[in-house]
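What you see below is based on every heavy atom in this structure, not just the backbone, and it leaves out hydrogens, waters and symmetry mates.
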Amino acid sequence: MKKPGVFAAASILLFLTSYTLCWAHAIVIESNPREGAVLKQAPDRIQLRFNVKIEKALARVSLTKGSKQRVKLPTSDFSQSAPERLEVLLPPLEPGDYLLRYSVLAADGHATYGVLRFSIEK
């Protein structure tokens, strides 16, 4: 015999757990350039906007051209932008495929790792 109260309680617990997990990480909701963009000219910066405030002192980024050629980035002062934004200054970039890797810590303490791919036309 099924017990409706147990099923209802389990359903509510599952919903609340799922809801909490959805908001536990910083998620990119906007980027410039966009993921997969093919650009006619190289950008001078990359901007990421997250769904929550991030701890900028702990943010880390790296940029590679092609599959392995690491690009040296100028020092960025992440604290200059809004609490939910990360702005990465870029050196002059040549045509090719690029991959920006980032790791940020949400204000609630959860780490997020991600990538942004873009290309610059010849």
Side-chain angles (χ1 to χ4, degrees):
M1 185 158 126
K2 294 181 182 179
K3 299 187 179 190
V6 173
F7 179 76
S11 296
I12 291 170
L13 182 60
L14 180 62
F15 172 77
L16 292 175
T17 302
S18 299
Y19 182 79
T20 302
L21 289 175
C22 287
W23 293 103
H25 298 284
I27 299 168
V28 173
I29 57 174
E30 181 182 5
S31 68
N32 187 16
R34 293 189 185 276
E35 168 65 27
V38 178
L39 308 171
K40 294 190 183 297
Q41 64 182 41
D44 63 346
R45 68 192 68 225
I46 294 174
Q47 298 168 325
L48 303 173
R49 185 168 67 103
F50 295 87
N51 63 328
V52 295
K53 177 182 172 185
I54 57 172
E55 298 294 336
K56 295 185 181 191
L58 301 173
R60 300 289 177 263
V61 295
S62 66
L63 183 67
T64 54
K65 180 181 180 198
S67 60
K68 296 183 183 178
Q69 183 183 352
R70 191 165 194 135
V71 176
K72 183 173 167 79
L73 295 172
T75 303
S76 293
D77 181 5
F78 297 139
S79 67
Q80 297 301 312
S81 54
E84 74 285 355
R85 292 181 184 267
L86 195 63
E87 189 169 291
V88 181
L89 300 178
L90 299 174
L93 299 176
E94 298 175 358
D97 298 326
Y98 289 88
L99 182 68
L100 177 81
R101 288 183 172 84
Y102 60 87
S103 65
V104 297
L105 187 68
D108 67 3
H110 289 90
T112 298
Y113 305 91
V115 296
L116 175 70
R117 293 172 186 85
F118 65 96
S119 299
I120 302 169
E121 291 182 341
K122 293 183 181 183

Nearest heavy-atom neighbours spanning T64 and R70 | CG2-CA, 4.1 Å
Can you tell me how far CD of Q69 sits from CG of L99, rounded to the nearest 0.5 angstrom?
-> 13.0 Å
Hey, what do you get for CZ (R49) to CG (N32), rounding to the nearest 0.5 Å?
-> 12.0 Å
T112 and H110, any side-chain heavy atoms less than 4.5 Å apart = no
Gap between atom CG of L86 and atom OH of Y102 - 0.5 Å precision | 9.5 Å
Rounded distance (nearest 0.5 Å) linking atom CG of L90 with atom CD of E87 = 9.5 Å
side-chain contact (heavy atoms from CB on, under 4.5 Å) between E121 and V38, worked out | CA-CA 7 Å; E121 291 182 341; V38 178; 3.5 Å; yes
Please report the shortest heavy-atom distance between F50 and A26, naming the atom on each side.
-> CD2-CB, 3.7 Å
Residues P33 and A37: closest non-hydrogen pair is CB-CB, 4.0 Å
Among the clusters formed by ILVMFWY side chains lying less than 4.5 Å apart, do V88 and L105 turn up in the same one?
-> no
Less than 4.5 Å apart, any side-chain heavy atom of L39 and any of Y98?
-> no
Can you tell me how far CD of E30 sits from CD of Q47, rounded to the nearest 0.5 angstrom?
-> 8.5 Å
Would you say P91 and K72 make side-chain contact, with heavy atoms under 4.5 Å?
-> no
On a heavy-atom basis, the closest approach of R34 and S31 is CA-OG, 3.4 Å
Any donor-acceptor N/O pair, K56 side chain to R85 backbone, under 3.5 Å = yes
What do the steps show when you test D108 against V52 for side-chain contact (heavy atoms from CB on, under 4.5 Å), and what is the final call?
-> CA-CA 9 Å; D108 67 3; V52 295; over 6 Å; no
Shortest non-hydrogen contact from L89 to L73?
-> O-CD2, 3.9 Å
What heavy-atom pair brings E35 and V115 nearest, and what distance separates the two atoms?
-> OE1-O, 3.6 Å
Find the distance between NZ (K65) and OG (S119) and round it off to the nearest 0.5 Å.
-> 11.0 Å
Only one of L100, I54, V104 forms a side-chain contact (heavy atoms from CB on, under 4.5 Å) with L48, so which one is it?
-> L100
